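These notes concern the structure reproduced below.
Predicted model only: the values in this text are computed from it and were never measured. First listed ligand is number 1; within each ligand, the first listed atom is number 1.
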Amino acid sequence: MEARRRSLHSSKTFQHEPTAKPSPDAVSLPLYVTNAVFFTLFFTVVYYLLSRWREKIRTSTPLHLVTLSEMLAIVAFFASFIYLLGFFGVGFFHSFILKEDDDSNDVLLKHDSRKLTPCAQALDCTVFTSPSPPLVANEDDEDIIKSVVDGTTPSYALESKLGDCKRAASIRREALQRITGKSLTGLPLEGFDYGSILGQCCELPVGYVQIPVGIAGPLLLDGKEFSVPMATTEGCLVASTNRGCKAIHLSGGASSVLLKDGMTRAPVVRFGSAKRAAELKFFLENPANFKNLSALFNKSSRFGRLQSIKCAIAGKNLYLRVTCSTGDAMGMNMVSKGVQNVLEFLQNKFPDMDVIGISGNFCSDKKPAAVNWIEGRGKSVVCEATIKGDIVQKVLKTSVEALVELNMLKNLTGSAMAGALGGFNAHASNIVTAVYIATGQDPAQNVESSHCITMMESINGGQDLHVSVTMPSIEVGTVGGGTQLASQSACLNLLGVKGASKETPGANARLLATIVAGSVLAGELSLMSALAAGQLVKSHMKYNRSSKDVTKVSS
Ligand code: ADP
């Protein structure tokens, strides 16, 4: 019982004891057997004592006169009661506290000065630097695995109970395998710093997925060379982008211009009438009020700087699209904090304003939306290159004329026929997503980040090709989120944009955005050339088809 209690209730016992021997007083009975025994005992003695009590009342026997069997029953009653209270009562109490923690999460986030510190630091997961214990290291682990399997220890609480993130992942993984009866062999556990993701990147980890990283380049962009890391499992993609980089390099390189840099968040607020909603719209869009609003907004961060608030009305509802610069961060957290300050101020000025949600989808995050395509979100970049006619022939194996015609019929007309929204390109999202995964960006933002129009024109009397990509919503950062993880930060380092820019805050993230656009330019050139030359199917058969018989690989 003691051992069980230790494993269930004493987080201290777990901490930093991966090799602890089982205590000699440990009960080797399975948990459910002892629970069943104490339950049975409890209800049996309660029944016995109640019937004795009734008997005594019936025969007018004084209640304080107890027989030996009654004394034993009273002892058994208290013993089983204490056991059941200890076992279930503390668990219930913990779950109650944890629920309260969840509910008050927002409040905590607001007031806790440690909110931007990864929990790993708070929990001190330094144990990661020591050799990792095997999957089931000792009987303590076995007890915990069993308690996760039978539901008495919540899987999500393992990290905080154990204070050892790797051990928590290992135990959760083993419990999951037992619960599902499915093997996780092939999903690696070892070789990853689970402390680095805690409280920031991923909850309930059981391992990590490996995605190969290939290098395309050098990409010659604005006079500098970049080796572009791409994490992908699509054969041909890196090779093709590499070929595009070669064509650009041999033609003297590409150049880029950053047109805009501002992350957006658009809360939705409601009034009693459209007239009142319009009053707030006019207030927010009045230049005379901008100074005051930006002072409020800017209080939330050293880097978040209010740029504009654009409003859209739907009846009594108002959508405030707030745009701000965010330094080297992608900026979603930053803009949200600033918006919160503005909303608090507006609430005082417009007491009848009802804040429905801090995000009202007019932002618009991770959804295809015309507002991003037209107004931009994150970094808006245009990138261009002139590819010499002979390079088009020798490297891209096609002609300027064929490329221009294909671009017009596929990327412009074909996409128009399909009713595309920002999809006037061949495969921008392929390159965007591969670079995003490699460099720790939010891969879900590939939706709007891949908005791109690819233009191709013949110039110099039809000899050379002018190619450009215009991408209004590249959402990238070099600090925060997944960028701080070891592998992703190594890829950022390769590009020379790791972390915060010391000289000019925001310069690293902006440079990364231009690299993304330059890589897309290379990818567009190469795929379009392959299509124009009719090579696509041939090259995919060669590089994107496994020769293995996949029917034999299934588990
Ligand atoms: P996001 O806003 O992209 O979700 P986070 O809020 O997680 O990113 O990370 C940004 C954090 O990094 C902020 O706490 C910010 O103060 C800090 N920071 C340090 N240097 C910079 C910089 N150059 N640009 C932006 N943020 C920076």
Task: Proximal atoms of ligand 1 relative to Gly480 (non-hydrogen, under 4.0 Å) - done: 7 (O), 9 (O)

Open item on the list: Would Met334 count as a polar contact of ligand 1, with the cut-off being nitrogen or oxygen pairs under 3.5 Å?
Closed with: yes

Open item on the list: Is it the case that ligand 1 has an N or O less than 3.5 angstrom from some N or O of Asn333?
Closed with: yes

Validation: residues 510-521 side-chain donor-acceptor distances under 3.5 Å, sequence neighbours left out:
from   : atom 1 : to     : atom 2 : distance (Å)
Arg510 : NH1    : Asp261 : OD2    : 3.1
Thr514 : OG1    : Leu511 : O      : 2.6
Ser519 : OG     : Ile515 : O      : 2.7

Open item on the list: Please check: side-chain N/O of Ser449 versus main-chain N/O of Asn446, any donor-acceptor pairing under 3.5 Å?
Closed with: no

Open item on the list: Within the 4.0 Å heavy-atom shell around Thr326, which atoms of ligand 1 are there?
Closed with: 24 (N), 25 (C)

Task: Set of side-chain contact (heavy atoms from CB on, under 4.5 Å) partners for Ala444, sequence neighbours left out - done: Lys366, Asp442

- [ ] Could you list the atoms of ligand 1 found under 4.0 angstrom from a heavy atom of Met332?
- [x] 1 (P), 2 (O), 3 (O), 4 (O)

Open item on the list: Regarding ligand 1, does Met330 bring an N or O atom to under 3.5 Å of one of the ligand's N or O atoms?
Closed with: yes

Open item on the list: Tyr436 vs Val476, test: side-chain contact (heavy atoms from CB on, under 4.5 Å). Steps then yes/no.
Closed with: CA-CA 8 Å; Tyr436 272 31; Val476 288; 3.4 Å; yes

Open item on the list: Asp222 vs Ser256, test: side chain to side chain donor-acceptor pair (under 3.5 Å). Steps then yes/no.
Closed with: CA-CA 7 Å; Asp222 299 321; Ser256 67; 2.6 Å; yes

Task: Option among Lys410, Glu524, His427, Met528 that satisfies the side-chain contact (heavy atoms from CB on, under 4.5 Å) test with Thr454 - done: Glu524

TODO: Identify which of Gly304, Ala509, Gly331, Ala507 has a heavy atom lying nearest to atom 1 (P) of ligand 1.
DONE: Gly331

TODO: Verify the neighbour count for atom NZ of Lys281: are there more than 12 heavy atoms of other residues, nucleotides or ligands below 6.0 Å?
DONE: yes

- [ ] Check each atom of ligand 1 against the heavy atoms of Val479 and keep those under 4.0 Å away; list them by number with element.
- [x] 12 (O), 25 (C), 26 (N), 27 (C)

Open item on the list: If I apply the N/O under 3.5 Å rule, does Gln200 come out as touching ligand 1?
Closed with: no

